[in-house]
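Structure first, then comments.
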Amino acid sequence: MTFGATTHPSIDPSRDLEPATFSSHYVEAGGLRLHYQDYGSANRPPMLCLHGGAAHAHWFDYIAPGFTGDHHVLALDQRGHGDSEWANPPSYAYERYAADLAEVAEKLDLRDFVLIGHSMGGTVSLEYASTYPGRVGKLIVVDSTLQMTPERVAALRDVGSRQGSNYATREEFIARYRLRPAGTSAAHELLLHLAQNSARQFPDGTWRHKFDRNVYATRETTDGLPRWNHIRIPALLVKAQRSQRISPQVFAEVKARCPQVELVEVPHSDHHVTLDNPSGFVSAVKSFLTKR
């Protein structure tokens, strides 16, 4: 256990690995056509999931089955990611993502919903919940970097400004697929599932990752800590066991600003928590949700 976090018992991360079935839908927000996945249970309280940078909604395919018994689970492809449109000219500020989310929540009539954001999605979720209060009922921020330093932003911009890899065939893309950041203990079949849903064929015939590299090339510094001063709803920070993004110092700072926030640590996980230990993630989050 670390700095007051609840650590759930070790759960076999590879147990019952089956991706959820879903239906695809689109909603317009910020002038763009955004794609989202609906995992079913429409008559239940809503839960909306936001992926991290360069990721997509399929990051939640393996955890959705753990929540559909109690919630109507949705996962959004944010602008410039997955099967959503890219912004031209590039417009990928956190405030813009949060404004998209506000429009999506209104158009889908999401009320008192659970908002789960991983990594960049956690920062967007925090931005949204602090700027547009009233619709989110519970906030869950998963292994996010809450303070983007100039050095971190410079590194991301460097990545985004470089030409990405091109692959002659979808099969070559799948064979070469790797997670970024690299640390992961996700099962092979799960990574294969992600790879199969991460490629798009471009007009020149090559296959590439289906996210706009300008997402990184235009990244700005941000300090999410002051946003916690405005969070009045139940909130949870989820720390991956082997990740240092949510340090003791960061948690102490968040707790001082948002006294009701809780911390849980998911065992057997690196940054990609929902992939490394889906069962452990579900267990940790459900424990938080069911106590209220």
* Judged by modelled atom types alone, do Asp270 and Ser243 share a side-chain donor-acceptor pair under 3.5 Å? -> no

* **Heavy-atom closest contact (Gly66 atom, Lys286 atom, distance)** => O-NZ, 3.3 Å

* Within 6.0 Å of CD in Glu106, more than 12 heavy atoms from elsewhere -> no

* Go through the side-chain N and O atoms of Asp61 and Tyr39 and say whether any donor and acceptor fall under 3.5 Å apart. => yes

* Do His272 and Thr274 have side-chain atoms, one donor and one acceptor, less than 3.5 Å apart? -> no

* Pair His56-Ser198, side-chain donor/acceptor within less than 3.5 Å -> yes

* Structure fact -> Leu139 and Ser125 have their tightest heavy-atom pair at CD1-CB, 3.8 Å

* Asked: Quick one: are the ring centres of Phe173 and His209 less than 6.0 Å apart?
  -> yes

* To do: In sequence, state the C-alpha distance, the side-chain angles, and the governing distance for His35 and Ser24, and then conclude on side chain to side chain donor-acceptor pair (under 3.5 Å).
  => CA-CA 7 Å; His35 171 259; Ser24 285; 2.9 Å; yes

* Distance-only donor-acceptor check, side chains Arg96 and Ser91, under 3.5 Å -> no

* Does the side chain of Arg242 pick up a donor-acceptor pair with the side chain of Ser185 at under 3.5 Å? -> yes

* Asked: Does His193 have its ring centroid less than 6.0 Å away from the ring centroid of Tyr62?
  -> yes

* Taking atom types as modelled and ignoring hydrogens, do the side chains of His268 and Asn277 form a donor-acceptor contact shorter than 3.5 angstrom? -> no

* Determine the sole option in His58, Gln37, Lys210 for which the side-chain hydrogen bond (donor to acceptor under 3.5 Å, both in side chains) test with Asp83 is passed. => Lys210

* Asked: Are Leu74 and His72 side-chain neighbours, meaning at least one heavy-atom pair lies under 4.5 Å?
  -> yes

* Distance-only, no hydrogens or angles: does the Asp143 side chain make a donor-acceptor pair with backbone N or O of Lys239 under 3.5 Å? -> no

* Asked: Would you call Asp109 and Lys107 a salt bridge, taking side-chain N to carboxylate O under 4.0 Å as the test?
  -> no

Side-chain donor-acceptor pairs of residues 44-55 under 3.5 Å, sequence neighbours excluded:
| from | atom 1 | to | atom 2 | distance (Å) |
| --- | --- | --- | --- | --- |
| Arg44 | NE | Gly69 | O | 3.4 |
| Arg44 | NH1 | Ser41 | OG | 3.1 |
| Arg44 | NH1 | Thr68 | O | 2.9 |
| His51 | NE2 | Gln78 | N | 3.0 |

* Asked: Are Val136 and Tyr132 connected in the hydrophobic side-chain network, where two residues link if heavy atoms are under 4.5 Å apart?
  -> yes

* To do: Taking all non-hydrogen atoms of both residues into account, name the closest pair between Ile63 and Val282 and its distance.
  => O-CG2, 3.7 Å

* Report yes or no: do Leu190 and Leu192 belong to one cluster of Ile/Leu/Val/Met/Phe/Trp/Tyr joined by side chain heavy-atom distances under 4.5 Å? => yes

* Asked: With respect to Arg227, which candidate in Thr222, Thr123, Leu126 satisfies the side-chain contact (heavy atoms from CB on, under 4.5 Å) definition?
  -> Leu126

* Between Val215 and Met120, which heavy-atom pair has the shortest distance, and what is it? -> CG1-SD, 4.4 Å

